[in-house]
Amino acid sequence: MIDLKLLRDDPDRARASQRARGADPSLVDALLAADDARRAAVSRADTLRAEQKTVSKSVASASPEERPAVLARAKELSAQVKDAEADQAAADAALREAQLAIANIVEDGVPPGGEDDFVTLATVGTVPTVDAPRDHTEIGEALRAIDTARGAKVSGARFYFLTGIGAQLELALVNLAMEQASAAGFVPVIAPALVKPETMEGTGFLGAHASEVYRLADDDLYLVGTSEVALAGYHSDEILDRDELPLRYAGFSSCFRREAGSYGKDTKGIIRVHWFDKVEMFSYVPAEDAREEHQRLLAWEREFLDKLELAYRVIDVAAGDLGSSAARKYDCEAWFPSQGAYRELTSTSNCTTFQARRLNIRTRGQNGNEPVATLNGTLCAIARTIACLLDHHQQPDGSVYVPAALRPWLGGRELLTP
RNA sequence: GGAGGGCUCGCAUAGUGGCCUAGUGCGGCGGUCUUGAAAACCGCUAUGGCUGGUGACAGUCAUCGUGGGUUCGAAUCCCACGCCCUCCGCCA
């Protein structure tokens, strides 16, 4: 939800931002008009309510002679108030709709364009040269670490079992991620994977991404696509002490995605699946600190990838490819030898106050209570990371090199062999 | 799944149709007194919208779990839902 004051102060910037995303800039004007209409409706209803209050009070003290007249006037006002309140409710709903239709204002410096127009900010590590590389599915099967055939038998396409060393790899990654997060001051959290509609809507996942989300119709609950949802909802409708900011949480949960629009993409293996586990970083900071926090989240993501000894690049995602809550997004993409390509492993978004407005998360500022900024960043999306580790660290003899940082959780093993 | 009880200002509680412009206690903040502290006493004490003001602020409307309804008037009466607690059943 966008800051209306900001919008009024600089509607041109908001229009430009919409254009950069490839969205309709006239939504800005529609929103301003809806806001004006609402103000008018509210003020009309307020005036009528005040008058009704006065008249109603005088009913009890009216003399028997004047009573019928006062009562008649009160009834008349009562009807008018009802009308005015209906108008107000309609205006409120229209404003909300206009607000939900508009995406966050893009941060200055975000590259223009669409999916292919990202800017590479950094390239890290040496891309491994592998002759006739095998993909992670093949390696995972040989190691008896990944079982996609039985995943399909039991649950369907895009499901998998992690077995043996595969299961151990997941636990090792979770431990490594949580250890790093705790050391950096994050509060470790095991978060629910099922949330109420309000929570899902507040985090902005029922807009453009609605078809990506699993819904349990019988119980009116949603399966989260990321623990960001639960971590953002965690402090909804709260006023946070300025002194306790920044609040940083590292959430572990299963994530569920319908992958509705991705037929044919990454159908093999566990790069794109309906369910995976993930450790996610989530920060609540004062609005003015959001940009700096975003850089910190990116740095923590890079630290983790460095520990895994992966070659990767950092990209600045273009405006047209941003989620509606994000003002800016950086992705870290690691090298997959079997694909000869960088693939997204982590992603961090600065949602500024956009998400906090919807979820009503504030802190006491100089001008009263003001929304905080929320930011999220992947620390480790397990399935895809395992896929990358197997692919990236494969050896000519069919074994897989284990990065030093993971060894303490894998019994000191330096190589995984079939 | 069944049966009960509850949801009021940060916390605890009062409040069965107009005197509620929601009282009281605790906590918190400020002050008086004191060498300092405690105690005592005095004052303040939420959120959102709208209007006015550069501003501290002032005025006004709304908010007693949520949404409807009855009524001139609802914390209070009626209906539905949500959440919490207790007990029973089932269960990792």
Side-chain angles (χ1 to χ4, degrees), chain A residues 1-9 31-100 190-202 215-222 230 233-245 247 253-254 277 284 287 353-372:
Chain A
M1 192 173 284
I2 216 162
D3 183 353
L4 276 169
K5 216 169 269 169
L6 213 84
L7 205 65
R8 287 208 173 273
D9 291 350
L31 177 52
L32 290 173
D35 187 39
D36 285 338
R38 188 187 146 272
R39 280 169 202 243
V42 165
S43 127
R44 228 176 298 126
D46 275 359
T47 311
L48 279 168
R49 269 191 292 249
E51 199 182 342
Q52 188 206 19
K53 219 177 190 176
T54 319
V55 175
S56 281
K57 268 197 179 153
S58 65
V59 168
S61 53
S63 66
E65 305 86 65
E66 23 178 58
R67 204 178 170 96
V70 175
L71 212 56
R73 174 67 185 142
K75 282 187 181 176
E76 187 188 334
L77 272 169
S78 176
Q80 285 177 17
V81 165
K82 215 164 237 182
D83 280 353
E85 285 183 338
D87 287 350
Q88 190 191 328
D92 280 338
L95 175 63
R96 181 162 175 82
E97 199 175 315
Q99 275 176 320
L100 293 180
I190 311 286
L194 286 166
V195 298
K196 299 202 249 184
E198 302 94 277
T199 309
M200 201 47 114
E201 202 200 347
R215 173 160 184 249
L216 304 184
D218 286 348
D219 303 284
D220 205 15
L221 287 170
Y222 290 90
Y234 190 66
H235 284 302
S236 60
D237 293 318
E238 291 183 20
I239 298 172
L240 306 173
D241 271 351
R242 190 86 177 180
D243 300 342
E244 59 186 17
L245 297 180
L247 281 170
S253 83
S254 289
D277 295 325
Y284 295 88
T353 59
F354 190 83
Q355 207 170 44
R357 270 173 218 285
R358 286 184 168 204
L359 290 166
N360 193 24
I361 307 168
R362 293 160 295 163
T363 188
R364 295 182 208 286
Q366 276 150 359
N367 306 311
N369 293 329
E370 48 198 36
V372 299

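Only a predicted model underlies this, so the values are computations on that prediction, with no experimental measurement involved. The sequence lines fix the lettering, A, B, ..., with proteins before strands; numbering per chain opens at 1.
- Distances were taken from every side-chain heavy atom of Lys57(A) (C-beta onward) to each of C50(B), C72(B), U21(B); the shortest belongs to U21(B).
- Annotation: side chain to side chain contact (heavy atoms under 4.5 Å, CB included) contacts of Ala98(A) (sequence neighbours excluded): Leu31(A), Ala34(A).
- Ile361(A) has its CD1 atom 17 Å from the C1' atom of G48(B), to the nearest Å.
- When both distances must be under 3.5 Å, the Watson-Crick or G-U wobble mate of A92(B) does not exist.
- Checking C81(B) for Watson-Crick or G-U wobble geometry (two distances, each under 3.5 Å) identifies G65(B) as its partner.
- Among the heavy atoms of the strands, none lies under 4.0 Å from Arg44(A).
- With sequence neighbours excluded, the residues satisfying side chain to side chain contact (heavy atoms under 4.5 Å, CB included) with Asp237(A) are Asn360(A).
- Picking from G48(B), C72(B), C50(B) the nucleotide with the shortest atom distance to the side chain of Asn369(A) gives G48(B).
- Nucleotide U86(B) is matched to A3(B) when pairs are restricted to Watson-Crick or G-U wobble geometry with both distances under 3.5 angstrom.
- The two atoms that bring Gln99(A) and Ile2(A) nearest to each other are NE2-O, 4.4 Å, heavy atoms only.
- Partners of Thr353(A) according to the side chain to side chain donor-acceptor pair (under 3.5 Å) rule, which considers only residues two or more places apart in sequence or in another chain, are Arg357(A).
- Distance noted for atom P between U71(B) and C61(B): 24 Å (whole Å).
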Collect all protein-nucleotide pairs involving nucleotides 61-66 of chain B in which both atoms are nitrogen or oxygen and the distance is under 3.5 Å.
from   : atom 1 : to       : atom 2 : distance (Å)
C61(B) : O2'    : Asp46(A) : OD1    : 2.7
C61(B) : O2'    : Arg49(A) : NE     : 2.9
C61(B) : O2'    : Arg49(A) : NH2    : 3.2
A62(B) : OP2    : Lys53(A) : NZ     : 3.0

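- Between G53(B) and G65(B), the distance separating the two P atoms is 37 Å to the nearest Å.
- Remark: C1' of G49(B) and CZ of Arg362(A) are 12 Å apart, rounded to the nearest angstrom.
- Within 4.0 Å of Ile239(A), counting heavy atoms only, lie sugar-phosphate atoms of the nucleic acid but no base atom.
- Nearest-nucleotide positions on RNA chain B place Asp35(A) closer to the 5' end than the other of Asp35(A) and Gln52(A).
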Nucleotide N/O of nucleotides 74-79 of chain B paired with protein N/O under 3.5 Å:
none

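- Toward the 5′ end of RNA chain B lies the nearest nucleotide of Arg38(A), the other residue of the pair Arg38(A) and Ser78(A) mapping further downstream.
- Under the side chain to side chain donor-acceptor pair (under 3.5 Å) criterion, Asp36(A) pairs with Arg8(A), not counting sequence neighbours.
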Name the atoms and distances for all side-chain donor-acceptor pairs under 3.5 Å in residues 84-93 of chain A, with sequence neighbours left out.
from     : atom 1 : to       : atom 2 : distance (Å)
Glu85(A) : OE2    : Arg49(A) : NH1    : 2.7
Gln88(A) : OE1    : Arg49(A) : NH2    : 3.3
Asp92(A) : OD1    : Arg38(A) : NE     : 2.7

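- Between Gln88(A) atom CD and C50(B) atom C1' there is a gap of 10 Å when expressed in whole angstrom units.
- Across the P atoms, C19(B) and G28(B) are found 34 Å apart, a figure rounded to whole Å.
- Here the separation of A40(B) from A56(B), taken at their C1' atoms, is 32 Å to the nearest Å.
- The CD atom of Glu238(A) sits 14 Å away from the C1' atom of U47(B) (whole-angstrom rounding).
- Remark: the separation of the C1' atoms in U70(B) and C77(B) is 8 Å, to the nearest Å.
- Spacing between atom CD of Glu76(A) and atom P of U71(B) amounts to 17 Å, rounded to whole angstrom units.
- Between Thr363(A) atom OG1 and Glu244(A) atom CD the span is 8.0 Å, to the nearest 0.5 Å.
- Summarising the geometry of Pro371(A) relative to Ala287(A), their closest heavy-atom pair is O-CB, 4.2 Å, with the distance given to 0.1 Å.
- When the side-chain nitrogen and oxygen atoms of Lys196(A) are compared with OP1 and OP2 of C81(B), none of them lie within a distance under 4.0 Å.
- Here A39(B) sits opposite no nucleotide as a Watson-Crick or G-U wobble pair (both hydrogen-bonding atom distances under 3.5 Å).
- Rounded to the nearest Å, the gap between the C1' atom of A3(B) and that of A62(B) is 38 Å.
- Residue contacts shown for Arg73(A) are absent, as no nucleic acid heavy atom lies under 4.0 Å away.
- Atom name P, nucleotides G59(B) and U66(B): the rounded distance is 27 Å, in whole Å.
- For Glu76(A), the side chain to side chain donor-acceptor pair (under 3.5 Å) partners two or more places apart in sequence, or in a different chain, are Arg73(A).
- Within the 3.5 Å criterion, the main-chain N or O of Val55(A) finds a donor-acceptor partner in the side chain of Ser58(A).
- Checked against side chain to side chain donor-acceptor pair (under 3.5 Å), Ser254(A) has the following partners two or more places apart in sequence or in another chain: Trp275(A), Asp277(A).
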